[in-house]
Protein chains: 2
Amino acid sequence: MYDVAARAGVSTATVSFAFSQPGRVKQSTRELVLATAAAIGYVPSASARGLAKGTAGAIGLYSFDYQLDPGEADLRHFPLYVDVVQRGVQLECRRRGYALMLGAGHKDGDLPAVIDIAGRVDGLIAFAGSAPSEAIIQVSKRIPVVELGSGIAGDDVHTVAVDNRTGMTELTEHLLQVHGFRRFVYLGQSRLPEFSSRYDGFAAALTTAGLPVPEPAHSQPGEDAGTESVVRGYLDELPDVFVCSTDQEALVAIDTLVAAGIDVPGQVAVTGFDGILAGQFATPRLTTVRQPMEEIGRSAVRILAGLLDGTAQPDPAQLHAPFVLGTSCGC
Amino acid sequence: MYDVAARAGVSTATVSFAFSQPGRVKQSTRELVLATAAAIGYVPSASARGLAKGTAGAIGLYSFDYQLDPGEADLRHFPLYVDVVQRGVQLECRRRGYALMLGAGHKDGDLPAVIDIAGRVDGLIAFAGSAPSEAIIQVSKRIPVVELGSGIAGDDVHTVAVDNRTGMTELTEHLLQVHGFRRFVYLGQSRLPEFSSRYDGFAAALTTAGLPVPEPAHSQPGEDAGTESVVRGYLDELPDVFVCSTDQEALVAIDTLVAAGIDVPGQVAVTGFDGILAGQFATPRLTTVRQPMEEIGRSAVRILAGLLDGTAQPDPAQLHAPFVLGTSCGC
DNA sequence: TTGAAAGCGTTACCAC
DNA sequence: GTGGTAACGCTTTCAA
């Protein structure tokens, strides 16, 4: 910038104005500055601008740090839930002129990685469970934060939530009423609030039907080996249906069962949750609850943008997640 | 940071050292600083750090500014070529501890948007054709730049290139030799080098076979209406095959033909280029040339990382794009 | 092992 | 309409 100013024979203030407040500078001066800048290849430093203005012009998205083997993407591993949500975030950022800073997982040093990303942006979106809540709360005191998936109580953390419970209840009722299933295995985790409400929805339907509610068989999405071994434990005595807390786990379950020579849904049904593409193209097609993934990402950006430009709206209510029929339930 | 220093009774230099050079600070001092920082919710400013260190710790990815209607993602619009490449970039950035800054398209003001992104990062990856070459060249004088898809000649711009030509030649030879096609329509653009080499590969195969080479019927990926109307122009006099320069256009072509009551590949064959998922799940399954999309993204990051940490390797040769048989060619 | 202080490249306030 | 210049919050050199 000093070079531009020197070559154009003006002050740095004028260079700055020429770019940021075109009206404040004489037309001819402005053209001179712009031309000079182009001539010497001026690339303004966003760091300096950010420091001076106190605003970065960017939004951050913090995700899980799942490391994948190099190897081309297949439908089974992409796009998953987080990928489609990210797409929504991306599109909405683009529409509003925000740059998007992506971060995830490990960072050397003593600050949690999420703090590192937070320091670079004007507002942060984080998947629930991707970072320690203390860190999220800490960040939320400096910049607006939206958490995806019901999560941290109160404080300054905004949330984009999906009604997981109702969707899972509807799905379970379908299994009870249409298929007459009675022996259920619930496969998944129930630690994060988002997942526990799925389990709750499942439990509610069984309770209403006067059936006992089984404990969840613990499994984690993304840890296929673990899911597989849990499913194997049921090969000798199959339930009527495996109700899984995510599509990823449901697809692994189906694979495991089929590999063991079991017919799905003939001998045992399987259901998922999320509505990822792989489920739609699986055989049998997965019965599931479809999250509005792209819309989740978009609303998160909308909330942040509102907070940042002062036109904040009340946070939207929970988004609806419809139950979607496939063939894996026996339909 | 001043607050942390004050509360901990040390200087700002010590706070800085406590985080960045643990060894230089007495253990007890360091713990004190870290605890104080956590207590008051210290979130370091990346702008300030970037300005002081002259390095941002982030890599930028600049993409096309295609605006999509809100509406949930379907396989037909996601993931496309750019999405999978981006995934590769993301994974590799994650592995190496770089934050990823995403940017695209319009920015108010007088600087091209790509310059804005460039000012925020240590190295930039840009899709060929997504930004004006002058801007790319300008940026490349300040920070390392990798362009995806053969593009800008010489200069400081690095390139990750795919051998588009060979793939298209192989595909065309298949159409000639196995199917005996003689009447070809080439559908697509040939402006960008990347696309023109596809056309060249097509032309080479025809020339070798002693056939005349038709001019391309102009169409752009992403502009479905245009593609559709071009295809409609051939309904009265169908060729043996539509050779399309991208899968996106090929899928639109198939839709258009089928909608007109024409059997594909019975009455006319259609082929694509890229290897996107939608092609694999289309009916008929698309015969195409598969780009190593994820690997393209990964190598771009590798090149940048090498340049940035001084371990620069010579740029890799062109990546191979294999010809992939589907059923849309009549096989 | 720690502190003082000089940058880093902008912006924006205040004069002129 | 334009120029001087004090921030902005951090890193890093040099001294202590």
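Model, not experiment: these values are computed from the prediction. Here is how names work: the chains are called A, B, and so on, in the same order as the sequence lines, proteins then strands, and each is numbered from 1.
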Could you tell me which residues satisfy salt bridge (Lys or Arg N to Asp or Glu O under 4.0 Å) with Arg298(A), sequence neighbours excluded, listed by chain and number? Glu92(A), Glu294(A)
Salt bridge (Lys or Arg N to Asp or Glu O under 4.0 Å) with Glu147(B): which residues, sequence neighbours excluded? none
Expected list for residues 29-37 of chain B near DNA chain D, using heavy atoms below 4.0 Å, is none
With a 4.0 Å cut-off on N to O distance, would you call Arg49(A) and Asp116(B) a salt bridge? yes
Partner residues of Tyr42(B) under the ring-ring contact (aromatic ring centres under 6.0 Å, His included) criterion, sequence neighbours left out: Phe19(B)
Considering every strand and a 4.0 Å limit on heavy-atom distances, what is the contact class for Gly9(A): base, sugar-phosphate, or nothing?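 The residue Gly9(A) makes sugar-phosphate contact but no base contact.
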Nucleotide N/O of nucleotides 10-14 of chain D paired with protein N/O under 3.5 Å:
{"from": "dC10(D)", "atom 1": "OP1", "to": "Tyr42(B)", "atom 2": "OH", "distance (Å)": "3.1"}
{"from": "dC10(D)", "atom 1": "OP1", "to": "Ser45(B)", "atom 2": "N", "distance (Å)": "3.3"}
{"from": "dC10(D)", "atom 1": "OP2", "to": "Met1(B)", "atom 2": "N", "distance (Å)": "3.2"}
{"from": "dC10(D)", "atom 1": "N4", "to": "Tyr2(B)", "atom 2": "OH", "distance (Å)": "3.1"}
{"from": "dT11(D)", "atom 1": "OP1", "to": "Arg49(B)", "atom 2": "NE", "distance (Å)": "3.4"}
{"from": "dT11(D)", "atom 1": "OP2", "to": "Ser16(B)", "atom 2": "OG", "distance (Å)": "2.6"}

Under the rule for side chain to side chain donor-acceptor pair (under 3.5 Å), what residues qualify as partners of [X], not counting sequence neighbours?
X         : result
Thr311(A) : Asp309(A)
Arg30(B)  : Asp110(A)
Ser20(B)  : none
Gln90(B)  : Gln86(A)

Would you mind reading off the bend of the helix from dT1(C)-dA16(D) to dC16(C)-dG1(D) from its two end axes, five pairs each, to 10 degrees?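 That helix has its two terminal axes inclined by roughly 30°.
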Suppose we screen for side-chain contact (heavy atoms from CB on, under 4.5 Å). Which residues come up paired with Ser11(B), at least two apart in sequence or across chains? Ala13(B), Thr14(B)
Could you list the donor-acceptor pairs under 3.5 angstrom formed by side chains in residues 125-136 of chain B, with sequence neighbours left out?
{"from": "Ser130(B)", "atom 1": "OG", "to": "Phe127(B)", "atom 2": "O", "distance (Å)": "2.6"}

Whole-Å distance between dG1(D) C1' and Lys26(A) NZ?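 The answer, rounded to whole Å, is 7 Å.
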